[in-house]
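Okay, structure first, notes after.
Throughout, protein chains are lettered first and strands after them, A, B, ... in sequence-line order, and every chain is numbered starting at 1. These values consider heavy atoms only, across backbone and side chains, with no hydrogens, waters or symmetry-generated copies.
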Amino acid sequence: MTDSEVRVRVAPSPTGDPHVGTAYQALFNYAFARSRGGKFILRIEDTDRARSTPQSEAAILEALGWLGLKWDEGPDIGGPHGPYRQSERAAIYREHVQILLDQGNAYRCFLSREELERMRAEQRDKGLPAFKDLEGRQRPEEESRRRAEAGEPFTVRMKTPLDGECVIDDLLHGEVRKDWASIDDQIILKSDGFPTYHLANVVDDHLMGITHVIRGEEWINSVPKHLELYRFFGWKPPVFCHLPLLRNNDKNRSKLSKRKNPTSILYYRRAGFLPQALLNFLGLLGWSMPGEEEKFTLEEMIAAFRLEDINLGGPVFDVQKLKWLNGRYIREDYDAAGLRRELEKWAINPETLEKILPLAQPRLMTLSDWGYLTAFFFADEVPLDPQALELKGRSDEDLARLFQIAVWKLEALRDFRSETLEALFAELAEQAGLKLRDLTRPFYVALTGRSAATPLYQSMEILGSDMVRMRLRRAIDALGGLSAKKLKALEKEFASRR
RNA sequence: GACCCCAUCGUCCAGCCAGGUCAGGACACCAGCCUUUCAAGCUGGGAACACGGGUUCAAAUCCCGUUGGGGUCGCCA
């Protein structure tokens, strides 16, 4: 590693589906690294022990690999600055927290969650902008250590300046100023002994030799904290570059969310999009080729790429344009044999067919029944007849709520197999006070577009988690949708019952 | 609400930094052509510089304000 070598990273958190926003960040990091002859690193930020799962991590690697964004160092292939999974770096973070504690640049905070909540509420009333544990900041080290050793739970907070101004320099945004008084004493070590994002991120970026931090704009407000950590440790901070956030195609243009759009990369694969088309489309958001070409390869993008050319307005993720581009790839880049190979890679292959065949066979009068019977396995959207989409004795809204609860349960399901799905639906039926058969009927309609089809749980397994959840969300919309308010109430109810 | 960011057709971009072409392209939409149908393709059309001040001979472009939108304000990342 030379001083001048560019090193960038994408650092997703394995807490759910691999998000197209992650792909977007990864693409621009990748293009920048390649355009400068540098390295692109994948780091897994799994310090949230409650929400991180190995399944999600595997899905992220799978999704980025499918897109063809090859990382030079990462959790699966290692590298000179590993490990690349933060949960395996706990000792490193504790060491660094100890340094800050010894310097007096961090302090233990013994406030309970309840006390914190109360104090925050008080502060809000007084109009104070940020939280700093003034008592904790002044507590003599001896007393602090004694209480910790006595087993009293604590977190560690960094000491941020009480006043003055912090000026950050962003490659795209230029100078951005923030008052230190508006920045709280960020917790850097949680009571479970794991670091928070801010500490782990700074320590790893330094130790891994990251030269440019290219990430979503949601982070721009926490740069002062990060700069202060670099200063505490005596490290040279990297160049910061905050990219616009992808937006929903709704009235408000809010941050891209799965409630309003498909956001899982794996969904797009299952729906029949080509990785090069998805990448190309992402490259069109906030950036363009010098000649305004719409269709270009990754290599062409890299050759023309300049970070400073990125447009700062948050782009709407418009599936319609993605479909048009994808269509161009299919029409222009393949002959019949090539297209056949893509179809095989996608779903028309012996492995998939052999899963469907045993489900279809008992239901075939003629071989030609096959097409109609199994079409929904090879589709993205399925026709939704509002008449057929109903649950006897329940309102449309009730059914929408049931679909939503199913979506949440499916999200939490770690292995998406017919056996576990069966158990999940049995539980759902019981909770809803419904006979299983009555409950599943509308699910057939939502997932297959018909009231009769191949067996539900096996069919769901073949469709896959991403496609199933997407079709259920579309069914919710077809039923009139759930307002944000109702959704929030339902979520609360759902969380309390688990 | 406080703070931060942003602002060109319905959507994605070009033009802005180094003020001076009827504001250009693409998606979507509409019409026509082609075609047994559909798709594709071709041709044409409608469609934007958020608003108000300033600087200037001249402002989409520079400055200020307003409005609008987004983000952040977690022992999530």
Side chains of residues 11-18 of chain A: which donor-acceptor pairs under 3.5 Å do they make with residues two or more places apart or in other chains?
residue: A/Ser13; atom: OG; partner: A/Glu45; partner atom: O; Å: 3.2
residue: A/Asp17; atom: OD1; partner: A/Arg469; partner atom: NH2; Å: 3.1
residue: A/Asp17; atom: OD2; partner: A/Arg469; partner atom: NH1; Å: 2.7
residue: A/Asp17; atom: OD2; partner: A/Arg469; partner atom: NH2; Å: 3.3

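Atom pair A/Asp179:CG and B/rC5:P shows a separation of 12 Å (rounding to whole Å applied). Atom CD in A/Glu308 sits about 15 Å away from atom P in B/rA18, given to the nearest Å. The distance from atom CG of A/Leu312 to atom P of B/rC12 is 14 Å, rounded to the nearest whole Å. Separating the CG atom of A/Asn326 from the P atom of B/rC27 is a distance of 15 Å, rounded to the nearest angstrom. Atoms CD (A/Gln86) and P (B/rA77) sit 9 Å apart, rounded to a whole Å. For the pair A/Ile310 CD1 and B/rC12 P, the interatomic distance rounds to 16 Å; values are reported in whole Å. With rounding to whole Å, A/Asn280 atom CG is found 13 Å from B/rC27 atom C1'.
Residue-level contact check: A/Arg113 touches the bases, meaning some heavy atom is under 4.0 Å from a base atom.
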Given protein heavy atoms under 4.0 Å, the one-letter contact record of nucleotides 65-74 of chain B, with B base, S sugar-phosphate only and - none, is simply ----SSBS-S
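With sequence neighbours excluded, no residue satisfies salt bridge (Lys or Arg N to Asp or Glu O under 4.0 Å) with A/Arg341.
The aromatic rings of A/Phe317 and A/Phe281 sit perpendicular, their planes meeting at an angle over 60°, well past the 30° parallel limit. A/Trp235 and A/Tyr230 have perpendicular rings, their planes meeting at more than 60° on a 0 to 90° scale where under 30° would count as parallel. Below 30°, between 30° and 60°, or above 60°: for A/Phe40 and A/Tyr30 the angle between ring planes is above 60°, a perpendicular geometry. Ring orientation note: the planes of A/Phe305 and A/Trp287 are tilted relative to one another, at an angle of 30° to 60°.
In this structure the side chain of A/Phe494 never reaches within 4.5 angstrom of the side chain of A/Gln404, judged on heavy atoms.
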Taking Watson-Crick and G-U wobble contacts under 3.5 angstrom, with | marking pairs to another strand and [ ] crossing pairs, the secondary structure of RNA chain B is written (((((((..((((......[...)))).(((((.......)))))....(((((..]....))))))))))))....
Could you run down the sub-3.5 Å N/O contacts of the protein with nucleotides 46-52 of chain B?
none

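Because its NZ or CZ atom is both nearer than 6.0 Å to the ring centre of A/Tyr329 and within 45° of the ring axis, A/Lys295 counts as a cation-pi partner of that residue. For A/Arg147 and A/Phe154, the positive end is not near the middle of the six-membered ring at less than 6.0 Å and at most 45° from its axis. Taking the ring centre of A/Tyr372 as origin, the terminal cationic atom of A/Arg450 falls inside the region bounded by 6.0 Å and 45° from the ring axis.
Contact check of residues 314-325 of chain A against RNA chain B (heavy atom, cut-off under 4.0 Å) returns A/Gly314, A/Pro315, A/Val316, A/Asp318, A/Gln320, A/Lys321, A/Trp324.
Nearest nucleotide to the A/Leu285 side chain, out of B/rC12, B/rA77, B/rA40: B/rC12.
Nearest heavy-atom pair, A/Trp71 versus A/Leu64, reported as atom, atom and distance to 0.1 Å: CZ3-CB, 3.6 Å.
Each of A/Asp309 and A/Val176 lies near RNA chain B, and the nucleotide nearest A/Val176 is the one positioned closer to the 5' end.
The base of B/rC76 is not paired with the side chain of A/Thr15 by any donor and acceptor separated by under 3.5 Å.
With ring centers used as reference points, A/Phe28 lies 6.0 Å or more from A/Phe32.
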